[in-house]
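First the proteins, then the strands, lettered A, B, ... as listed; each starts at 1.
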There are 2 protein chains.
Amino acid sequence: MTHQRRLLVGIIQGADRHLDALDLWQKARQQDPTLNKVTVYRTLALLKKHGLVDELDLLHLQGGRHYYEARTTRDHIHLACLRCGRIQEFESSLFEKLKGQIERERRFRITVVRVEAGGYCDKCQD
Amino acid sequence: MTHQRRLLVGIIQGADRHLDALDLWQKARQQDPTLNKVTVYRTLALLKKHGLVDELDLLHLQGGRHYYEARTTRDHIHLACLRCGRIQEFESSLFEKLKGQIERERRFRITVVRVEAGGYCDKCQD
DNA sequence: GTACTTGCAAAGATTTTGCTTCCAA
DNA sequence: TTGGAAGCAAAATCTTTGCAAGTAC
């Protein structure tokens, strides 16, 4: 556990929105200007491999980057508004049931699941 | 409607697996060797914009590329085995109910939805 | 002390853009 | 004929790799 990793993990856990690698690097550099972008990518890969962060695309609303969030106890769905860009999160017991159905009917053991819906949020409908 | 577009659309619709831009280009070149890779990207962007193809990442099992499939009448879930790489598709009325719940409870009008689950398929469990 | 991590530079992979020429309608 | 599309080359974006030097334990 290096101080670079401690710093990056702290930023991800304290984030109030989804960060991509560049966002994370820029925030980290405010506290440690020598921290290299490559270290960000390597740390994200490590955290992802260990299941501590989830990787999202948010439907590539703004290019091909990936966003990261600390894994929480309960899976949730991301709703991305195609007009205003707002990202909402949504939890549902139906979603939990759906995962159970997949595990039972296909005998597929789920370790990571990503649900992203695009459309128009309540504020962006005519 | 150019012959390049006709060719690319035909390949996507006839595909028996998920193709990325390079796959598509290589298949297209067999029939029209002058077809440019850029045309593939531009055509995919157009089809995506018009909702005729869906873009997937399949959890980036092998790098950061995108995969495309012709949009079908019914949404489905992609199950990616982290060990053998097999991709399964799964349809479920629970999934339809879940979408309905989101639309009702959040008043969010869904136009595109992507569900990708990673884990271990029936053949890859101990 | 040693195995693992970092920084740096460079390369790699994927996708996009500018611009000219061409073609479908 | 004309506006949009394709081809080509080059650039932009995002991510990974090789290697020497540094650091946690």
Side-chain angles (χ1 to χ4, degrees), chain A residues 1-12 15 17-50 52-69 80 85 114 116 118, chain B residues 1-12 15 17-50 52-69 80 85 114 116 118:
Chain A
M1 177 55 89
T2 63
H3 77 93
Q4 287 95 332
R5 288 184 182 172
R6 231 185 310 271
L7 173 53
L8 291 169
V9 169
I11 292 169
I12 294 171
R17 60 190 182 87
H18 301 105
L19 304 174
D20 70 4
L22 250 322
D23 294 333
L24 184 54
W25 183 46
Q26 270 148 19
K27 280 182 182 287
R29 275 201 301 179
Q30 292 169 9
Q31 296 181 243
D32 176 357
T34 73
L35 195 149
N36 196 278
K37 204 193 302 190
V38 174
T39 300
V40 173
Y41 281 107
R42 288 199 271 232
T43 302
L44 285 172
L46 188 75
L47 295 172
K48 189 171 67 161
K49 194 178 77 172
H50 287 78
L52 299 170
V53 303
D54 281 324
E55 186 184 67
L56 310 170
D57 295 341
L58 302 178
L59 295 167
H60 300 296
L61 254 56
Q62 37 238 326
R65 42 196 125 170
H66 298 137
Y67 299 87
Y68 298 88
E69 67 180 5
R114 175 158 80 179
E116 300 177 334
Chain B
M1 175 55 86
T2 61
H3 77 95
Q4 288 94 333
R5 286 185 182 170
R6 231 185 310 270
L7 173 55
L8 291 170
V9 168
I11 293 170
I12 294 171
R17 59 191 183 86
H18 301 103
L19 303 174
D20 69 4
L22 251 320
D23 295 333
L24 184 54
W25 184 45
Q26 271 149 18
K27 279 182 184 289
R29 276 200 300 177
Q30 292 170 12
Q31 295 182 243
D32 176 357
T34 73
L35 195 150
N36 197 277
K37 203 192 306 191
V38 174
T39 300
V40 172
Y41 281 108
R42 289 199 270 231
T43 303
L44 285 172
L46 187 75
L47 295 173
K48 188 172 70 161
K49 194 178 80 175
H50 287 78
L52 300 170
V53 303
D54 282 324
E55 185 183 68
L56 310 169
D57 296 341
L58 301 179
L59 296 166
H60 299 298
L61 254 55
Q62 36 239 330
R65 43 194 126 169
H66 298 135
Y67 299 87
Y68 298 88
E69 65 180 8
R114 175 158 79 180
E116 300 177 333

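- Look at B/Tyr41 and you'll find a side-chain N or O under 4.0 angstrom from OP1 or OP2 of C/dT15.
- Separation of atoms CG (B/Leu59) and NZ (A/Lys48) is listed at 9.0 Å; rounding is to 0.5 Å.
- At least one side-chain nitrogen or oxygen of B/Gln4 sits closer than 4.0 Å to the OP1 or OP2 atom of D/dG7.
- In this structure, the NZ atom of B/Lys37 is 13 Å from the C1' atom of D/dA10, given to the nearest Å.
- Across the protein-nucleic acid pair, A/Tyr67 atom OH and D/dT15 atom P stand 10 Å apart, rounded to whole Å.
- As rounded to whole Å, 14 Å separates atom P of C/dT14 from atom CG of B/Leu58.
- The residue among B/Ala45 and B/His3 whose nearest nucleotide of DNA chain C lies closer to the 5′ end is B/Ala45.
- Judged purely by atom type and a 3.5 angstrom limit, B/Thr39 has no side-chain atom pairing as donor or acceptor with the backbone of B/Leu35.
- The base of D/dG4 has none of its N or O atoms less than 3.5 Å from a complementary donor or acceptor on the side chain of B/Arg42.
- From B/Leu46, atom CG reaches atom NZ of B/Lys49 across 6.0 Å, with rounding to the nearest 0.5 Å.
- B/Arg5 comes within 4.0 angstrom of the backbone, heavy atoms only, and of no base.
- To the nearest angstrom, C1' of C/dT16 lies 14 Å from CD of B/Glu55.
- A/Leu22 comes within 4.0 angstrom of nothing in the nucleic acid, heavy atoms only.
- Residue B/Thr34 places at least one side-chain N or O closer than 4.0 Å to OP1 or OP2 of D/dG7.
- A distance-only check finds a donor-acceptor pair linking the side chain of A/Glu116 to the backbone of A/Leu58 [under 3.5 Å].
- The NZ-C1' distance, from B/Lys49 to D/dG4, rounds to 12 Å in whole Å.
- In this structure, of D/dG7, C/dT6, D/dC14, it is D/dC14 that holds the atom nearest to the side chain of A/Arg65.
- Proximity of A/His66 to the phosphate of D/dT15: a side-chain N or O atom is located under 4.0 Å from OP1 or OP2.
- Between the side chains of B/Tyr67 and B/Glu55, no donor-acceptor pair is found at a separation under 3.5 Å.
- Computed from coordinates, the A/Leu7 CG to C/dG7 C1' distance equals 15 Å when rounded to whole Å.
- Between the CH2 atom of B/Trp25 and the P atom of C/dA13 there is a distance of 14 Å, rounded to whole Å.
- Rounded to an integer number of Å, the gap from B/Arg6 CZ to C/dC23 P is 15 Å.
- Dashed line: the shortest gap from a side-chain N or O of A/Asn36 to OP1 or OP2 of C/dT6 is not under 4.0 Å.
- Between A/Thr2 and D/dT23, a side-chain N or O to OP1/OP2 separation shorter than 4.0 Å is absent.
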